[in-house]
Amino acid sequence: MPELPEVEITCRGLAPHCAGRRIVTAVVRNAKLRWPVPADLAQQVAGQAVLGLTRRAKYLLVTLQRGTLILHLGMSGSLRIMDSDSPAGVHDHVDLVLDNGTCIRLRDPRRFGAVLWTQSDVLRHPLLENLGPEPLSSEFDDSYLYTRSRGRNVPIKTFLMDSHMVVGVGNIYANEALFHAGIRPTTSAGRLSRVRYARLAAAIRATLARAIEAGGSTLRDFVNSAGEAGYFQQQYMVYGREGESCRICAGSIRHLRQGQRSTFYCPRCQT
DNA sequence: CTTTTGACCTGACAGC
DNA sequence: TGCTGTCAGGTCAAAA
């Protein structure tokens with residue numbers, strides 16, 4: 001489920017449920033996630049007030065009094081507010097139990113997600129310190145992309161999905177943003193002009209912002225509810241539309257594989 | 001340094 | 001029905 005917009009929506013959805021709360025304990029049913037969940041997680045977090053909930057890239061950061069929880073949803077993770085005594089499903093691996101009888105429950109079938117704990121400056125954590133800028137920040141613009149891409153021969157889509165270049169652009173939004181920018185996903189990143197990067201930066205910002213808005217309206221109860229209904233009903237321009245007709249030129253959408261990820265594009269609109 | 005490949009996991013689905 | 005193969009929203013680590 002999680003590209004940047006969904007992590008952002010999750011963050012916004014959880015925040016009011018955490019505000020002013022204290023963590024009573026942590027329940028770890030399965031510690032085998034992307035990295036092992038710290039064995040002493042419960043002792044580390046017990047009794048601490050939740051001071052804030054923020055997002056950096058696709059990481060959710062739960063600021064406690066004496067450290068920070070780093071949560072990642074991987075490919076299949078979700079976080080929901082539940083009654084702490086409600087029965088856990090097979091893929092409900094971790095609960096952060098709050099002092100009002102609720103918990104934040106991590107469900108993650110594929111277990112590519114993560115729950116980590118640090119007592120140091122979280123932004124200096126090895127997983128976070130070398131990340132690129134947030135795509136919705138002012139730092140992310142044509143000049144940034146143009147400068148960082150010089151000398152790079154990777155396809156622009158691969159370049160965009162590299163979190164050390166810019167965070168939060170997953171496979172769906174890389175495809176969609178390149179369509180909106182009129183750029184062929186296979187183009188070498190180092191050969192794109194500044195003008196084309198200006199169009200691309202704008203397309204990325206607009207695509208992500210629109211998705212967050214859509215998530216905000218269709219997933220308002222995401223954190224509390226049973227599902228993510230509505231999110232996928234949005235109209236993609238290219239993603240998953242192989243062989244269907246382009247919504248702009250009516251040409252046939254093509255599919256190819258870059259790395260091990262699916263790429264979709266319109267050969268007429270994207271040059 | 002850059003680029004490519006493999007790895008981690010489960011579930012859904014197509015085709016036989 | 002049941003098996004096999006493929007694919008899925010991420011991203012690190014190792015190899016080339």
Side-chain angles (χ1 to χ4, degrees), chain A residues 1-11 29-37 55-60 70-79 88-94 106-116 125-132 135 147-178 185-191 204 207-208 210-212 214-215 218-219 222 227-243 255-264:
Chain A
M1 351 255 123
E3 288 204 38
L4 185 146
E6 276 166 308
V7 180
E8 178 65 26
I9 294 304
T10 297
C11 186
R29 300 182 194 82
N30 189 344
K32 293 177 185 171
L33 301 184
R34 178 74 152 86
W35 295 279
V37 178
R55 179 188 61 74
R56 170 70 175 116
K58 293 170 188 165
Y59 294 96
L60 271 175
I70 301 171
L71 310 179
H72 198 284
L73 302 178
M75 291 274 259
S76 59
S78 62
L79 290 165
V90 270
H91 300 303
D92 292 339
H93 306 309
V94 177
L106 172 68
R107 170 173 297 184
D108 185 6
R110 291 178 73 180
R111 289 190 276 121
F112 288 167
V115 177
L116 299 170
H125 189 279
L127 289 171
L128 302 187
E129 69 170 343
N130 293 315
L131 292 174
T147 304
R148 291 295 305 265
S149 63
R150 290 312 91 180
R152 298 292 305 271
N153 194 39
V154 283
I156 182 59
K157 176 164 176 272
T158 307
F159 183 78
L160 285 183
M161 291 178 68
D162 180 350
S163 62
H164 300 101
M165 294 312 318
V166 57
V167 302
V169 183
N171 197 39
I172 293 175
Y173 294 113
N175 278 297
E176 294 296 305
L178 284 165
T186 48
T187 308
S188 169
R191 297 190 182 284
I204 290 169
T207 304
L208 292 175
R210 229 182 296 130
I212 290 171
T218 62
L219 294 179
F222 175 76
E228 300 100 320
Y231 190 76
F232 285 101
Q233 293 161 12
Q234 74 175 251
Q235 298 279 305
Y236 294 129
M237 299 300 277
V238 289
Y239 184 80
R241 301 192 65 241
E242 180 182 11
H255 174 256
L256 55 82
R257 206 153 266 283
Q258 291 179 294
Q260 25 262 61
R261 313 308 295 274
S262 270
T263 294
F264 302 89

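Since we're looking at a predicted model, the values are computed, not measured. In the text below, chain A, chain B and the rest are named by the order of the sequence lines, each starting its count at 1.
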Open item on the list: By the 4.0 Å heavy-atom rule, please label Y239(A) as base, sugar-phosphate, or nothing.
Closed with: sugar-phosphate

Check: residues 158-170 of chain A side-chain donor-acceptor pairs under 3.5 Å, at least two apart:
from	atom 1	to	atom 2	distance (Å)
D162(A)	OD1	H164(A)	N	2.9
D162(A)	OD1	H164(A)	ND1	3.1

- [ ] Give, for atom CG of L127(A) and atom OH of Y59(A), the distance between the pair rounded to the nearest 0.5 Å.
- [x] 4.0 Å

- [ ] Could I get the full list of side chain to side chain donor-acceptor pair (under 3.5 Å) partners for R29(A), not counting sequence neighbours?
- [x] D95(A)

- [ ] Drop me the distance from L33(A)'s CG to R110(A)'s CZ, to the nearest 0.5 angstrom.
- [x] 14.0 Å

Task: Any residue meeting side-chain contact (heavy atoms from CB on, under 4.5 Å) with Q258(A), in chain and number order, not counting sequence neighbours - done: P155(A), K157(A), P185(A), T186(A), L256(A), T263(A)

TODO: Specify the separation, in whole Å, of atom CD1 of I172(A) and atom P of dC7(C).
DONE: 17 Å

- [ ] Could I get the full list of ring-ring contact (aromatic ring centres under 6.0 Å, His included) partners for H255(A), not counting sequence neighbours?
- [x] F264(A)

Open item on the list: Is F112(A) stacked against the base of dC8(B), taking the criterion as centroid distance under 5.5 angstrom and interplanar angle under 30°?
Closed with: yes

Open item on the list: Counting only side-chain nitrogens and oxygens, does K58(A) get under 4.0 Å of the OP1 or OP2 atom of dT11(C)?
Closed with: yes

- [ ] Select one nucleotide: of dC9(B), dC12(C), dC7(C), the one nearest the side-chain heavy atoms of Y59(A).
- [x] dC12(C)

Open item on the list: As a test of reading the structure: which of dA8(C), dG10(C), dT3(B) is closest to the side chain of N171(A), going by heavy atoms?
Closed with: dG10(C)

TODO: Give the rounded distance in Å between these two atoms: CZ of R110(A) and P of dT11(C).
DONE: 13 Å

Polar atoms only, N or O, under 3.5 Å: list the protein pairs with nucleotides 5-7 of chain B and their distances.
from	atom 1	to	atom 2	distance (Å)
dG6(B)	N7	Q260(A)	NE2	3.2

TODO: State which of dT3(B), dG10(C), dG11(B) makes the closest approach to the side chain of V154(A).
DONE: dT3(B)

Open item on the list: Checking H93(A) now: which residues fulfil ring-ring contact (aromatic ring centres under 6.0 Å, His included) with it, not counting sequence neighbours?
Closed with: none

Open item on the list: Tell me the interatomic distance from M75(A), atom CE, to dT11(C), atom P, rounded to whole angstroms.
Closed with: 10 Å

Task: For DNA chain C, stems built from three or more consecutive Watson-Crick or G-U wobble pairs below 3.5 Å - done: B:2-8 with C:10-16, B:10-16 with C:2-8

- [ ] Go through the structure and list residues passing side chain to side chain donor-acceptor pair (under 3.5 Å) with S188(A), not counting sequence neighbours.
- [x] N153(A)

Task: Distance in angstrom units between R152(A) CZ and dC1(B) P, rounded - done: 12 Å

Open item on the list: Rounded to whole Å, how long is the line connecting atom CG of L116(A) with atom P of dC12(C)?
Closed with: 12 Å

Task: Among dT11(C), dC12(C), dT10(B), the nucleotide that comes nearest once only the side chain of R111(A) is considered - done: dT10(B)

- [ ] Kindly write out the residues that satisfy side chain to side chain donor-acceptor pair (under 3.5 Å) with R148(A), not counting sequence neighbours, or none if the list is empty.
- [x] Y144(A)

